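The figures here come from the full heavy-atom set of this structure, side chains too, leaving out hydrogens, waters and symmetry mates. All figures in this text were calculated on a predicted structure; none of them were measured in a lab.
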Amino acid sequence: MEHSSRMWELALRAGLPRGELLGLTWADLDPAAGTLNIRRSLQHNPAGGLTLFPTKTRAAERRIALPIACLVALEQHRQEQERQRTAVGVQWQENGLIFTTRTGTPLDPSNIARRFTGLLDQASIRRIRFHDLRHTCATLLLERRASNSSPSRNCSATPTSASPPRSTPTSACGGQ
């Protein structure tokens with residue numbers, strides 16, 4: 001469950017910042033519409049511990065369209081999470097998050113960054129920052145010539161003037 005390959009896939013295909021990725025809840029996913037609402041970010045709080053904060057600005061809230069492959073992967077992840085919840089029983093800490101530890105608690109963003117670096121090292125891939133996956137997503141969008149999608153709208157917390165209105169989902173990376 002921890003550090004699921006589906007988390008890495010969504011990070012790359014949707015270009016989400018680490019905190020936004022870890023702040024996703026199942027309520028944010030609309031499988032019927034094929035969309036994901038970005039509303040919050042999981043961050044370290046000054047008092048210690050992890051807290052779900054709203055996105056940096058109201059304008060940073062957005063709805064993105066997901067490729068079918070991501071929707072399938074997320075459904076598989078939901079089923080895995082349900083099996084894990086059943087296996088740990090009363091130890092499970094329900095919070096609605098999509099990506100959690102084996103007992104349902106939030107994943108620490110710092111641990112995700114360390115794990116990401118470890119995966120790059122294992123694969124003998126040049127080290128990049130987790131944040132650089134956002135740039136890869138934007139590049140993929142541009143290469144696909146996604147004329148109806150603004151890469152910065154999908155892969156950035158700062159919308160551009162070319163961005164569609166909040167009610168219109170933008171396309172995520174990776175195609176259908």
Side-chain angles (χ1 to χ4, degrees), residues 1-26 28-29 36-46 48-56 60-62 64-81 83-85 88 93 95-144 146 149 151-158 170-175:
M1 184 72 60
E2 291 181 80
H3 315 302
S4 164
S5 62
R6 293 175 180 104
M7 181 181 63
W8 308 117
E9 178 181 1
L10 189 60
L12 180 60
R13 289 183 181 250
L16 296 176
R18 183 180 55 195
E20 288 179 0
L21 182 71
L22 298 178
L24 292 172
T25 66
W26 289 112
D28 295 327
L29 179 64
L36 187 62
N37 291 302
I38 312 303
R39 299 180 178 141
R40 68 195 68 74
S41 180
L42 183 70
Q43 304 290 331
H44 289 271
N45 67 45
L50 298 170
T51 303
L52 286 171
F53 290 103
T55 55
K56 289 182 182 178
E61 290 183 17
R62 59 205 183 280
I64 60 172
L66 293 176
I68 291 170
C70 278
L71 293 169
V72 169
L74 284 169
E75 181 52 36
Q76 291 169 345
H77 180 71
R78 185 192 308 254
Q79 292 169 9
E80 286 175 14
Q81 190 179 67
R83 285 190 292 274
Q84 185 66 29
R85 179 184 294 118
V88 299
Q93 296 183 27
N95 53 37
L97 292 173
I98 292 176
F99 300 110
T100 65
T101 66
R102 287 182 172 87
T103 58
T105 59
L107 290 168
D108 187 307
S110 299
N111 291 342
I112 296 304
R114 280 189 288 276
R115 179 67 179 132
F116 179 68
T117 299
L119 289 172
L120 294 174
D121 289 348
Q122 277 181 330
S124 300
I125 297 174
R126 179 180 58 88
R127 282 189 181 185
I128 61 170
R129 301 167 302 154
F130 187 94
H131 186 81
D132 294 330
L133 293 176
R134 292 166 51 77
H135 303 291
T136 303
C137 175
T139 300
L140 291 171
L141 278 173
L142 290 171
E143 285 179 354
R144 288 186 160 283
S149 176
S152 64
R153 183 68 175 147
N154 206 59
C155 302
S156 173
T158 307
T170 58
S171 178
C173 301

message: According to salt bridge (charged side-chain N to carboxylate O under 4.0 Å, His left out), who are the partners of Arg83, at least two apart in sequence or on a separate chain?
response: none

message: Which residues pass the salt bridge (charged side-chain N to carboxylate O under 4.0 Å, His left out) test with Arg114, not counting sequence neighbours?
response: none

Residues in side-chain hydrogen bond (donor to acceptor under 3.5 Å, both in side chains) with [X], at least two apart?
X      : value
Arg127 : Asp121
Thr25  : Asp28
Gln122 : none
Gln43  : Ser41

query: Can we say Arg62 and Glu20 salt-bridge, meaning some charged N sits less than 4.0 Å from an Asp/Glu carboxylate O?
result: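 Between Glu20 and Arg62 there is a salt bridge, with a charged N closer than 4.0 Å to a carboxylate O.
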
message: Rounded at 0.5 Å granularity, tell me how far CG in Leu74 sits from CZ in Phe99.
response: 5.5 Å

Excluding sequence neighbours, so at least two apart, what forms side chain to side chain contact (heavy atoms under 4.5 Å, CB included) with [X]?
X      : result
Leu50  : Leu42, His44, Pro106, Asp108, Pro109
Glu75  : Arg78, Gln79
Ile128 : Phe116, Leu120, Arg126, Asp132, Leu133

message: Under the rule for ring pair (Phe, Tyr, Trp, His ring centres under 6.0 Å), what residues qualify as partners of His131, not counting sequence neighbours?
response: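 Only His135 meet the ring pair (Phe, Tyr, Trp, His ring centres under 6.0 Å) criterion with His131.
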
